[in-house]
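Only a predicted model underlies this, so the values are computations on that prediction, with no experimental measurement involved. Numbered from 1 within each chain, the chains take letters A, B, ... in sequence-line order.
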Amino acid sequence: MTSIKNELISNELGYIFEEELVNDLIKIGKLKSIRADETIIQIGEKIQFLPIILDGSIKVVRENERGEELLLYYIESGDTCAMTLQCCMKSALSEVKAIAMEPSEIVMIPLEMMEVWMAKYSSWRSYILQSYHVRIQELIETIDAIAFMRLDERLLKYLKDHAKLLGTLEVIVTHQQIAEDLHSSRVVISRLLKQLETKGQIIINRNKIILKSI
DNA sequence: ACATTAAGTGATT
DNA sequence: AATCACTTAATGT
């Protein structure tokens with residue numbers, strides 16, 4: 001019987017992994033459906049599984065003691081969380097928080113399988129290495145943005161990234177949420193958005209910002 | 001109609 | 001660019 005889970009796994013991961021590994025994934029992985037805005041992992045939570053995204057998208061944020069956030073990067077289907085990779089080597093606690101951007105499907109792999117599969121499957125090894133690579137690239141991009149871009153440029157990049165990720169020019173967020181993701185304040189974001197609107201780059205609605213282009 | 005939440009504004013640091 | 005204090009606008013009940 002082909003379950004939805006099997007379909008999802010072979011459709012999303014069949015190109016990346018060898019057949020035997022796909023079968024292992026189907027046998028061992030636990031499928032988990034996530035609601036939009038659901039928190040998947042909290043900071044300090046013990047990591048028991050390696051999540052691989054089959055459908056949807058997740059945002060990964062850092063958080064300080066005061067609960068203030070900073071968006072690190074997004075992960076999409078086929079991706080796994082590099083932070084989890086790093087943490088699970090020592091089976092440590094999560095350094096980040098992960099929140100679903102939309103309803104998503106993920107497959108959870110018990111951490112024990114990491115080592116077994118590393119030894120057994122070359123496609124698994126290169127997938128893990130590749131994931132590290134991509135994630136570090138993304139982190140560097142984020143660091144560059146924080147260090148070198150002006151907030152208005154960062155804001156526009158944020159909106160465009162968001163739009164690209166969800167495949168729509170209509171970004172559904174409040175100014176407050178943007179401020180939190182960029183670790184700025186609501187008033188500042190509102191003013192910068194106003195400027196972008198005046199420049200004709202966006203249209204502002206309540207709870208929604210419409211990009212003119214990506 | 002009223003309360004709540006989102007967004008806009010002017011002044012100050 | 002951040003914060004405060006306040007206003008206005010939109011939305012839910």
Q: Taking the six-membered ring for Trp and the full ring for Phe, Tyr or His, determine whether the centres of Phe17(A) and Tyr127(A) are under 6.0 Å apart.
A: yes

Please give, in whole Å, the distance from [N] [atom2] to [X] [atom1]?
X: Ile172(A); N: dA7(B); atom1: CD1; atom2: P; result: 11 Å
X: Ile178(A); N: dA2(C); atom1: CD1; atom2: C1'; result: 17 Å
X: Leu151(A); N: dA2(C); atom1: CG; atom2: P; result: 6 Å
X: Arg154(A); N: dA2(C); atom1: CZ; atom2: C1'; result: 14 Å
X: Asn205(A); N: dA7(B); atom1: CG; atom2: P; result: 10 Å
X: Gln176(A); N: dA7(B); atom1: CD; atom2: C1'; result: 11 Å
X: Lys194(A); N: dA7(B); atom1: NZ; atom2: C1'; result: 9 Å
X: Arg66(A); N: dA2(C); atom1: CZ; atom2: C1'; result: 13 Å

Q | Among Ile41(A), Leu72(A), Val61(A), side chain to side chain contact (heavy atoms under 4.5 Å, CB included) partner for Val96(A) | A | Leu72(A)

Q: Report the residue from Leu54(A), Ile106(A), Leu13(A) that forms a side chain to side chain contact (heavy atoms under 4.5 Å, CB included) with Leu8(A).
A: Leu54(A)

Can you see if the side chain of [X] gets near the phosphate of [N] - specifically, an N or O under 4.0 Å from OP1 or OP2?
X: Lys208(A); N: dA6(B); value: no
X: His175(A); N: dG8(B); value: yes
X: Ser190(A); N: dT9(B); value: no

(Q) Taking side chain to side chain donor-acceptor pair (under 3.5 Å) as the criterion, tell me which of Glu20(A), Glu19(A), Glu18(A) meets it with Ser123(A). (A) Glu18(A)

Q: Would you indicate what Thr174(A) reaches in the nucleic acid, counting non-hydrogen atoms under 4.0 angstrom: base, sugar-phosphate, or nothing?
A: sugar-phosphate

**Q.** Leu182(A) backbone acceptor or donor facing Arg154(A) side chain under 3.5 Å
**A.** yes

Q) Can you check whether Ser122(A)'s main-chain N or O pairs, donor with acceptor, with Ser126(A)'s side chain at less than 3.5 Å? A) yes

(Q) So, using side chain to side chain contact (heavy atoms under 4.5 Å, CB included) as the criterion, who are the partners of Thr39(A) when residues are at least two apart? (A) Gln42(A), Lys97(A), Ile99(A)

Check nucleotides 11-13 of chain B for protein N or O atoms closer than 3.5 Å to its own N or O atoms and list the pairs.
{"residue": "dA11(B)", "atom": "N6", "partner": "Arg191(A)", "partner atom": "NH1", "Å": "3.4"}

Q) Is any side-chain N of the basic residue among Lys157(A) and Glu141(A) closer than 4.0 Å to the acidic one's carboxylate O? A) yes

Q) Any Lys/Arg nitrogen of Glu95(A) or Arg62(A) sitting under 4.0 Å from an Asp/Glu carboxylate oxygen of the other? A) yes

Q: Sugar-phosphate atoms are those with a prime plus P, OP1 and OP2; base atoms are the rest. Using that split, label each nucleotide of nucleotides 6-13 of chain C B, S or - for protein heavy atoms under 4.0 Å, 5' to 3'.
A: ---BBS--

